[in-house]
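Everything on this sheet refers to the single structure shown next.
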Amino acid sequence: DAAHNFADVGALGLAIFARWLGRRPPTRRHTYGFRRAEVVAALINAAVLIAVSALIGREAVARFLNPAPPHSTVMLVAAAAALVANLASVALLHRHRAEDINVRSAFLHLAQDALASLAVFLAALLARTGIGPWVDPAVAVLIGLVVLRSAFSIVWEALNTLLEAAPADVPVEELASSVARRFSGVELHHLHVWEVGPGQRVLTAHMKTAVTSLPEAESIAAAVRGFLLKEWNIQHVTLEAEANGCGEKGLLGQWK
Ligand SMILES: [Zn+2]
Ligand SMILES: [Zn+2]
């Protein structure tokens, strides 16, 4: 249990540190800032949760095979206290939970703790009944499966961000055709969209236009940037204006 408390403090500390680091301004060395620290923290916290779930599952199987008689009164009081403490921390973080992957990962850890103490509480409550010894391991396995599902989805999302994937809600073909529909004569190619960290999206593209002067191209680029911010929530856009075209074919450009 002491080890578990240490893990709780570690998980929360990592999430808070990454959040603080992620909000620091860019430096000459780290020109993107430090947002991606939050993705790395989420990945570590989710990976630890997967390992913890596996350990809990193994323990639950052992208790199924060899159920221990619960010490009901002491356990009931201790479990109730732990449950209240865990629910309080879950409630504290709950309103932030949708915010970003880092907070979601920390929230999942606290939610797992709260559910685990709920399992112990129920087991203590039902200790005198016939199913008493089975409640704790059965609920532990159920919780483990739910937590695993969320933890794997966080790991998947974090790995995609680290691989510079386009955000899940930004299908690039659709983005390019939305620009073409909105601005006639404008065509994007050699397009890259990625996410530095939670809520910090970057796009670069070549922009073919029908205009021939730089001031005209500049004002079109400004309008396209405004459109991409408003419609696609992309904050940092770099467009290379083309009149004659670079000869590249295809949305994603040519890679060597
Ligand atoms: Zn820039
Ligand atoms: Zn081009």
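Both ligands and their constituent atoms are indexed starting at 1 by order of listing. Not measured: the values here are computed from a predicted model. The analysis underlying the following values was restricted to heavy atoms, covering all of them including side chains, and did not include hydrogens, waters or symmetry mates.
Among the backbone and side-chain atoms of H190, no N/O/S atom is found under 2.8 Å from the Zn ion (ligand 2).
The angle that H189 NE2 and H206 ND1 make at the Zn ion (ligand 2), rounded to 10°, works out to 110°.
Counting heavy-atom neighbours within 6.0 Å of Q235 CD, excluding the residue itself, gives a total above 12.
When the side chains of ILVMFWY residues are joined at heavy-atom separations under 4.5 Å, either directly or via intervening members, L108 and V146 end up in two distinct hydrophobic clusters.
A salt bridge links R201 to D169: at least one charged side-chain nitrogen sits closer than 4.0 Å to a carboxylate oxygen.
Taking the Zn ion (ligand 2) as reference, E242 places its N/O/S atom OE2 nearest.
Heavy atoms only, all atoms of each residue included: Q200 and Y32 are closest at OE1-O, 3.7 Å.
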